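All figures in this text were calculated on a predicted structure; none of them were measured in a lab. FYI, side chains are in, hydrogens and waters are out, and symmetry mates aren't considered; it's all heavy atoms of this structure. Residues: numbered from 1 along the sequence shown.
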Amino acid sequence: MFGNRPGSTHVLYLTSIFVFLILASSLLELFSNKKKSASRELTNNKFVNLPGIYVLISVLSLGVFYCQEVLSILYSIFMSGQGLSQKLEYLVRFIFYILTQEENSIYYPLSSVIQTLLAYLVYKKVRSSITNNHITAQSYLIVFTLGLLTTLGVGFYNYYYPGILNTLRPIDPLVNPGGVEFRLQSFFGHSGWFAEYVTLVVPSILVLLLLKLSFKFRAFLIVFILLISEFALILSYQRGAWLSYPITLFVIWSAIYCFYIFEKNKFDNSNKITFLTVLKSSFVKILFSIPITVILSLSLIWAVSKFELVEGRSFHGLWSYSDRFKQISNTSDRTKFFNAGLKLGMLHPILGAGSESFSLQYEKEFYKETGRYYKEIDLPLHGSAHNVFMQTFSGKGVLGLFSLLLILLSCIKAGYRAINNPNISRDKLIICLFSFCFSCSFLIYGQVQEVFYVQSLQYLFFIFLGISLASSPEYFKLEFLEKNKSFIYPVIFLLFIVHNVLEYPNGTLDKISGCYSNEIDTTTGSSFLWCSPRASIINPASELMLEVPISNKEQVSFLVKGTDNSGNEILKESFKIKAGEKRKLENLTASNLEITTDSAFYANGDKRALSFIVR
């Protein structure tokens, strides 16, 4: 129901919530008296392993040297000589530091993998809860629907009567300048992420067709939610949502007409009537209903504006939405992102440069003079590739891209199998239609947005997989995996070895932390040799910036000594800096500087973990 960009406190809230849910679910399973009843069909279904393969590829994309450096950081924490309580505090601070890194940080790939691993654990818990009859798949869809209605209701209220959400999330200054919510964003930090959430979750309302209520009332509820959802997407001004939503309208209207015929004629399994057969007979009605839904949604906006149904709120005419819709054909902005992601992916084709590392790699290869594509493509907003597939290719390579596409296309194929099966039960049909619609929306919207940029959407994706696989495993079969199951993992690990050989031919990697060999600052000519917690700078330095990004104490003590060429001490200064603060030393004349601290330091952006900056 909520989400913001990487590095925000929303990430910590989300992580805490799902860690709690995973632990609570594990305890419930431990003390539950119900016996496990997972079907052999689910256990033997190789598609079940596909999300795990995607997660494995995400982990392997970090590379052996990156993982080695992270282990060295953990080793330095536990070998720091501090007490156990201080070590644990240091570890917690380090984890929080990792999770709150922005997308251009050297630690962001690690942060994204941690979130992917947690999302995978949630996927397994959802799958387990359904197969062991603890929670039904329909219950999850009902929860999705309730979450959607809450997000829409609170979002509309805050849009027309601002104030209720301002303390929970900021107003995005880019799409909503001046602190006024022009584009609806609800609980989310950006209208685009809100639109992604709505587009992906709306298909869950198909579950309402299974309620034991009159058909007219069920149809009314579904159409009503369709209308207000489209109303919200129009107010979000997100072109990707406008392109993706028609497939949702088509699937849901198809389900309404088909279920009406099923119930009116009391079809059962003996009739051998498929969903596809009924769909063909109602095709004209479905095509007629879709534009009516759009017209009704636009009419709502016009009525609210024309008759001033909400006081104190400025409105824009329908022409503004029309102008925005015309911009759909203008793809030049997204094409640049696509090309940048493609170029970065080609530099690391097998496993990418590290999970979700587009922003970091873009600044390295396009902004810096030493980059392969210096100044070739200018992207002012390069937090992500604005394309989930190019983001995946640049970060996880061909293996990551192939596994993601295989998951989505298999879900679409499962939907097609379901509508052609005359013996399918209605609850499984609803799940397969939901899976089909979710995957199609993901494929379409993913062309213009990086869906996993906001972590709540990544969790949503894995929950969707858990629901689909556990409730209808017979429709999610992959013959390719069945025939080659003994070769998949050996091939992946072989390619992992090849990837590391190609990435690090000399067996070296820019260090993240630890002791360094003598290095030279190319901008100033100063050289430095440093090791946590001790550092030495050789050659003159006129300015020194000390920073404490994270510490096991509230304050870190520094001792700075300086000597001339003859070794005579000409500078000695000691002081303390609080965590998160900086201290600048200027007009330095010493030829050699030595910095000693009582703590260790970690990466600051792509500065290779320098706890000091020399100028």
Side-chain angles (χ1 to χ4, degrees), residues 2-12 14-15 58 61 97-116 169-177 183 185 188-197 236-241 331-345 348 352-368 371 373 375-396 400 445-458 461 603-607:
F2 66 92
N4 206 345
R5 62 175 296 162
S8 67
T9 53
H10 272 192
V11 177
L12 292 179
L14 196 71
T15 304
S58 300
S61 72
Y97 179 72
I98 293 295
L99 293 177
T100 54
Q101 291 301 289
E102 296 183 354
E103 57 271 47
N104 62 346
S105 165
I106 197 169
Y107 276 127
Y108 184 65
L110 176 59
S111 175
S112 73
V113 167
I114 291 174
Q115 295 293 340
T116 300
R169 56 94 177 105
I171 297 282
D172 186 88
L174 182 64
V175 297
N176 289 320
R183 297 187 184 183
Q185 62 182 81
F188 290 78
H190 189 283
S191 59
W193 309 328
F194 163 72
E196 287 177 78
Y197 166 79
S236 73
Y237 275 75
Q238 294 302 312
R239 294 170 292 173
T331 60
S332 59
D333 54 345
R334 289 299 187 260
T335 302
K336 288 182 179 180
F337 283 98
F338 183 95
N339 291 335
L342 183 62
K343 285 179 177 290
L344 291 175
H348 318 273
S355 176
E356 303 298 309
S357 63
F358 174 85
S359 180
L360 177 64
Q361 292 301 315
Y362 175 81
E363 293 185 356
K364 176 183 178 183
E365 303 295 351
F366 287 88
Y367 270 13
K368 295 183 178 180
Y373 309 113
K375 289 187 176 181
E376 283 192 19
I377 300 178
D378 182 24
L379 301 176
L381 300 174
H382 53 268
S384 75
H386 289 73
N387 181 300
V388 69
F389 306 109
M390 285 302 100
Q391 179 92 1
T392 302
F393 179 51
S394 63
K396 302 180 181 75
Y445 213 135
Q447 300 296 329
V448 294
Q449 285 294 346
E450 152 51 348
V451 180
F452 297 150
Y453 182 72
V454 176
Q455 291 304 324
S456 57
L457 299 179
Q458 180 170 213
F461 175 77
N604 178 20
D606 60 351
K607 301 296 184 183

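- In this structure, the side chains of Arg169 and His10 come closer than 4.5 Å at one or more pairs of heavy atoms.
- Note: Gln447 CD to Met390 CE = 8.5 Å, rounded to the nearest 0.5 Å.
- Side-chain contact check for Asp172 and Gln185: no donor-acceptor pair (N or O, by modelled atom type) lies under 3.5 Å.
- Taking every heavy atom of both residues into account, Leu14 and Ser456 meet most closely at CD2-N, 3.2 Å.
- What you find for Tyr445 and Gln238 is that their closest heavy atoms are OH-CB, 3.7 Å.
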* Quick one: do Val448 and Phe337 satisfy side chain to side chain contact (heavy atoms under 4.5 Å, CB included)? Show the steps, please. => CA-CA 9 Å; Val448 294; Phe337 283 98; over 6 Å; no
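- Listed here is the closest heavy atom pair of Ser236 and Ala195: OG-CB, 3.8 Å.
- Gly446 and Val451 get closest at one heavy-atom pair: CA-CG2, 4.2 Å.
- Residues Lys396 and Glu356 form a side-chain contact, since some pair of their non-hydrogen atoms from C-beta on lies under 4.5 Å apart.
- Between Thr15 and Val11 the shortest heavy-atom distance is OG1-O, 2.7 Å.
- Ser61 contributes atom OG, which lies 11.5 Å from atom NE2 of His348 (distance to the nearest 0.5 angstrom).
- We find the OH-CD distance between Tyr108 and Glu103 to be 6.5 Å, quoted to the nearest 0.5 Å.
- A pairwise comparison of heavy atoms in Asn104 and Ser359 identifies CB-OG, 3.5 Å as the closest pair.
- Note that the CZ atom of Phe461 and the OG1 atom of Thr116 stand 10.5 Å from one another [nearest 0.5 Å].
- Sorted by first and then second residue, the side chain to side chain donor-acceptor pair (under 3.5 Å) pairs with a member in residues 377-389 read Glu363-His382; sequence neighbours excluded.
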* Check against side chain to side chain contact (heavy atoms under 4.5 Å, CB included), Leu12 and Leu99 -> CA-CA 7 Å; Leu12 292 179; Leu99 293 177; 4.0 Å; yes
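- Here Lys343 does not pair with Glu365 in a salt bridge; the nearest charged N to carboxylate O distance is not below 4.0 Å.
- Listed by chain and number, the residues in a side-chain contact (heavy atoms from CB on, under 4.5 Å) with Ala340 are Phe358, Tyr362, Phe366, Ile377, Leu379 (sequence neighbours excluded).
- By the 4.5 Å heavy-atom criterion applied to side chains, Asn4 and Pro170 are counted as neighbours.
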* To do: Go through Phe452 and Gln115 one step at a time and tell me if the side chain to side chain contact (heavy atoms under 4.5 Å, CB included) criterion holds.
  => CA-CA 10 Å; Phe452 297 150; Gln115 295 293 340; over 6 Å; no
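- For the 3.5 Å distance criterion, the side chains of Ser58 and Ser355 fail to qualify, holding no donor opposite an acceptor.
- Leu110 contributes atom CG, which lies 12.5 Å from atom OG of Ser357 (distance to the nearest 0.5 angstrom).
- Note: Glu196 CD to Glu450 CD = 8.0 Å, rounded to the nearest 0.5 Å.
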